[in-house]
K.L.:
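A single structure is presented below for examination.
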Amino acid sequence: MNGVIRSNYFAIMASCFVILLVYFSVPDQFANRLRSYPFSSHEEEKATPEPSITVAMQTPSQNQSEPLIPTTEMTPVQEQSVPSIPETQKKENFIEQSIPSNTSAQEKPINQNIGPSIPPPQDNPIPFPEQFQPSIPNARDQENLGEDGDKRKFFKKPSCDFSDMQFDLCDVEGDVRVHGKSSSVLSVTSTESYISEVNNETWSVRPHPRKYATELMAQFREIKIKVEAHNRAPKCDVYHNSAAVIFANGGYNGNYFHDFADLLVPLFITSYQFKGEVQFLVSNIQPWFIFKYIGLLKKLSNYEIIDYDKEERVHCYHRVIVGISKHKDLIVEPSRAPNHISTVEFGRFAKMAYSLKQNVAIKLGEASGKKPRLLIMARDHTRSLMNRGEIVPLIEKLGFEVVIGNALFSMDIDEFARLVNSADVMMGVHGAGLTNFVFLPTNAVLIQIVPLGNYERTCEYDFGEPAVDMGLKYLQYSISEEESTLMDLYPRDHAVFRDPESFHRQGWQVANGIYLGKQNVRLNFTRFRPILERALHLLRE
Ligand SMILES: *[C@@H]1O[C@H](CO)[C@@H](O)[C@H](O)[C@H]1NC(C)=O
Ligand SMILES: *[C@@H]1O[C@H](CO)[C@@H](O)[C@H](O)[C@H]1NC(C)=O
Ligand SMILES: *[C@@H]1O[C@H](CO)[C@@H](O)[C@H](O)[C@H]1NC(C)=O
Ligand SMILES: *[C@@H]1O[C@H](CO)[C@@H](O)[C@H](O)[C@H]1NC(C)=O
């Protein structure tokens, strides 16, 4: 079976590679657009800002002079997002094989002995497996309770929240029937009057937390939630004793940052409360995603993952959550999360999922003689550290053991997570690879190198604040013009240096096309060195 997975894996990775090749030609489009763009050549009055070293120490920056950048702009790494990766023909096989076969909740009713023994209602038209005993009172149990008044107290109107700017979510409890193919979720009741009670209302959710990106959202199927009388409801083909969460792949998936920010962390927020007793139904399912993140997914759910859009059987649950909750990128806010879990819990969860050993970073000063390990997050195409070979020995001279990691799309997360977890300091130029901080041990130091172009606030928002929220130390270093390869492409007095905001005003594609797409970094070690000394100091604390 392992062999089959591997060969499928390689087939998929090969097709991903082709897509990545196509994708990497995109920066040229930006370049073309820029070449044809009439740059305003007004001479800049502003002097070059003093090349200053920003040490953003544990400052979750509520107290910043810049206004909070609206969340819609907070997607600096979008330029690398792989637009939806086409599904391979082998998709179905692939999914089945990549999911542990242990957990075939569909075929057998699980946990036959859980819950009070409730006899199947006589008037229930649904074939009710004898051995199936719901663990919580649900709508099926009410049917023979007698008076309307008694039944009513068991009926719960779907609880839907459309107020958040990032996601819509409906929480449906009772006798809930899911039919993927027709994209419907029915909250089933025995009496018509309940239906008029909720005004025959339907709710509609696109279950991916990028709501404000309207064009992006159009790609997602709407899921219709509705209250239905049991005599009109489709019969259950499969009973589940678990809850279910329905979400959609797509959007900016394929970019490592977005995989975590838009799906894995929101999925954690929404489903960790079930302690594995939850099944995932995935719309627009992307097999590579399931395969790549199976390590995390199977720690959240004990059950097989269902390809929602194709599913013809009616699945019945006692609770279905349609949509996933998102707080800030890579952050879990205890005040809004079920059971008040936090980003620290997500970090713990991620490390547990990959059985990572190092919980706490090295503490210097204790006479172990061990060197702190510094991981350089390398990048190949843009924002790469051009003079890595030159600076590695200098970093080593300061007393670090240096290792290099390159978080490629095709990386094996198990292996990479172990590498990251073995580090006490991780440094890299702003980019999706820094998302790997989730695997760093507590008290480790994350050093983010900020390229030219006014990305300081974005960098803090994307990685600095989440890292601090997870219990890491954070240092941020803004490069000087001399350290940017944009110097090789534009004259010194160009608006690229003098007025980055003029590019940001043209939209993130334009600004990112230059500053994130065409820029590499040559670190000036003299200037950078104090950051490393600060990191050593932090490891002593
Ligand atoms: C930052 O916080 C300090 C103390 O809370 C306050 O005095 C100062 O005005 C704040 N600065 C900004 C820019 O909000
Ligand atoms: C299958 O599930 C059972 C109980 O849920 C568990 O004890 C067992 O370890 C699982 N087997 C595998 C191969 O995961
Ligand atoms: C609810 O709406 C459907 C279709 O819109 C209609 O057929 C049905 O009679 C309505 N039910 C009630 C109780 O109003
Ligand atoms: C490197 O940084 C130092 C300290 O800021 C500065 O004096 C020096 O000129 C820089 N070197 C280059 C090549 O820019």
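Atoms within each ligand, like the ligands themselves, are counted from 1 in listed order. Bear in mind the structure is a predicted one, so any value in this text is a computation, not a measurement.
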K.L.:
I'd like to know if atom 7 (O) of ligand 4 has any protein heavy atom within a distance of less than 4.0 Å.
P.N.:
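Not a single protein heavy atom is under 4.0 Å away.
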
K.L.:
Any idea how His504 and Tyr515 line up, ring-wise: parallel (<30°), tilted (30 to 60°), or perpendicular (>60°)?
P.N.:
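Answer is parallel, since the angle falls under 30°.
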
K.L.:
Check the orientation of Phe346 and Phe268. Use parallel for under 30°, tilted for 30 to 60°, and perpendicular for over 60°.
P.N.:
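Plane angle over 60°, so perpendicular.
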
K.L.:
Does the protein place any heavy atom closer than 4.0 Å to atom 12 (C) of ligand 4?
P.N.:
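Protein heavy atoms within 4.0 Å of atom 12 (C) of ligand 4 - there is at least one.
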
K.L.:
Run the ring-ring contact (aromatic ring centres under 6.0 Å, His included) test on Phe167 and His327 for me, step by step, so that the C-alpha distance in whole Å, both residues' side-chain angles and the decisive distance to 0.1 Å come before the verdict.
P.N.:
CA-CA 9 Å; Phe167 64 90; His327 302 157; 7.5 Å; no

K.L.:
What protein heavy atom is closest to atom 1 (C) of ligand 4, reported as residue, atom name and distance in Å?
P.N.:
Asn524 ND2, 1.4 Å

K.L.:
Please confirm whether Glu482 comes within less than 3.5 Å of ligand 4 when only nitrogen or oxygen atoms on both sides are compared.
P.N.:
no

K.L.:
Mind running side chain to side chain donor-acceptor pair (under 3.5 Å) on Lys292 and Tyr256 for me, showing each step along the way?
P.N.:
CA-CA 11 Å; Lys292 184 168 179 176; Tyr256 196 56; over 6 Å; no

